[in-house]
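Values reported hereafter were calculated over all heavy atoms of this structure, with side chains retained and with hydrogens, waters and symmetry mates removed. It should be emphasised that the depicted structure is a prediction, and the values quoted were computed from it without experimental measurement.
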Amino acid sequence: MVNNEAYKGTIVSNRIIGRHDAIRPKEEWIFVENAHPAIIDEKDWEKVNTIVNTYSFSAPRSKNKIYPTTKLIFCGNCGKLQGCNVAPTGKTYIKICVVCKNRTFQYNPVLKIIKGEIAKYRQDVLASIVGVEESNIDNDTDYKRKQLETQIRKSTQALDNIEILFEESEINLQQYRERKAKRKAQLEQLNQELDKLEQETPKDRITDLSEVLKQVDYLLGNWQCLDGEGLTDEEVNRSLHFIIERIEWTYSKTDEEPSLEVIYKMG
């Protein structure tokens, strides 16, 4: 309400597209100043809005709640971000994918699976540290470079295949855009990993892995999934974002049980 320009005597038009709720870019709005007597002068209006927009009053907690996996779980079929909601029973569920209808599931069992996967990942991080310390670094780097180059070639080919599928009308425009965006993001990530590998020294690698191990130990030691003790949901979410790139969740209509794949930021 405070942000409404009418309080200072200004009428704003051309904000909405047609009869829909979509908002036009602000540079397309039409402002008519001094269209009616102002309720407050412009100086006070600007001062109040600076305070409101700087400190941003929170929405009701039900609308802005941070879950442990907020902005981490993606549909394994179409790549769409999947959030959570609370049913009338009070139980929390992963939302149904709005694009491909990837199915819902109770949230707490999923959290327990994720925590178990992170416990396994801890052993992988330890093994990687030992491997960097003991192995032939040149051979190790060359092996990882070849792996990344192979994945880059596959992702590039997948992009080409998407173009062919669209040209032959095997997929519609929405599917084309979504698949292309997903593959381009994967390709960009792989190229970044390859660039980092070329620049990284064994000492850098051990330092990075040690930081990850420290965060994993902190999380496993303080995250109690069900009893409410230890870290808050927001603290768990920050720690998970430090460790995890994304979690791919798949539970299609034809699946007998759900599957979950955790993709970590560092292997």
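- Taking the six-membered ring for Trp, Phe105 and Tyr93 have ring centres at least 6.0 Å apart.
- The environment of NZ in Lys80 is sparse: at most 12 heavy-atom neighbours from other residues, nucleotides or ligands sit within 6.0 Å.
- Atoms CD and CD, from Glu245 and Gln189 in turn, are 4.5 Å apart once rounded to the nearest 0.5 Å.
- Interatomic distance, CD of Gln192 versus CG of Leu187, reported as 10.0 Å (0.5 Å rounding).
- Rounded to the nearest 0.5 Å, atoms CD (Gln175) and CG (Leu165) are 9.5 Å apart.
- Note that CD of Glu117 and CD1 of Ile113 are 8.0 Å apart. Values are rounded to the nearest 0.5 Å.
- Because its NZ or CZ atom is both nearer than 6.0 Å to the ring centre of Tyr67 and within 45° of the ring axis, Lys65 counts as a cation-pi partner of that residue.
- With 3.5 Å as the limit, one finds no donor-acceptor pair spanning the side chains of Gln186 and Ser155.
- Arg153 and Thr156 share no side-chain donor-acceptor pair at under 3.5 Å.
- Atom CD of Glu167 is separated from atom CD1 of Ile162 by 12.0 Å, given to the nearest 0.5 angstrom.
- Side-chain contact check for Tyr251 and Thr104: no donor-acceptor pair (N or O, by modelled atom type) lies under 3.5 Å.
- Annotation: the span from Lys91 atom NZ to Gln106 atom CD amounts to 4.5 Å, rounded to 0.5 Å.
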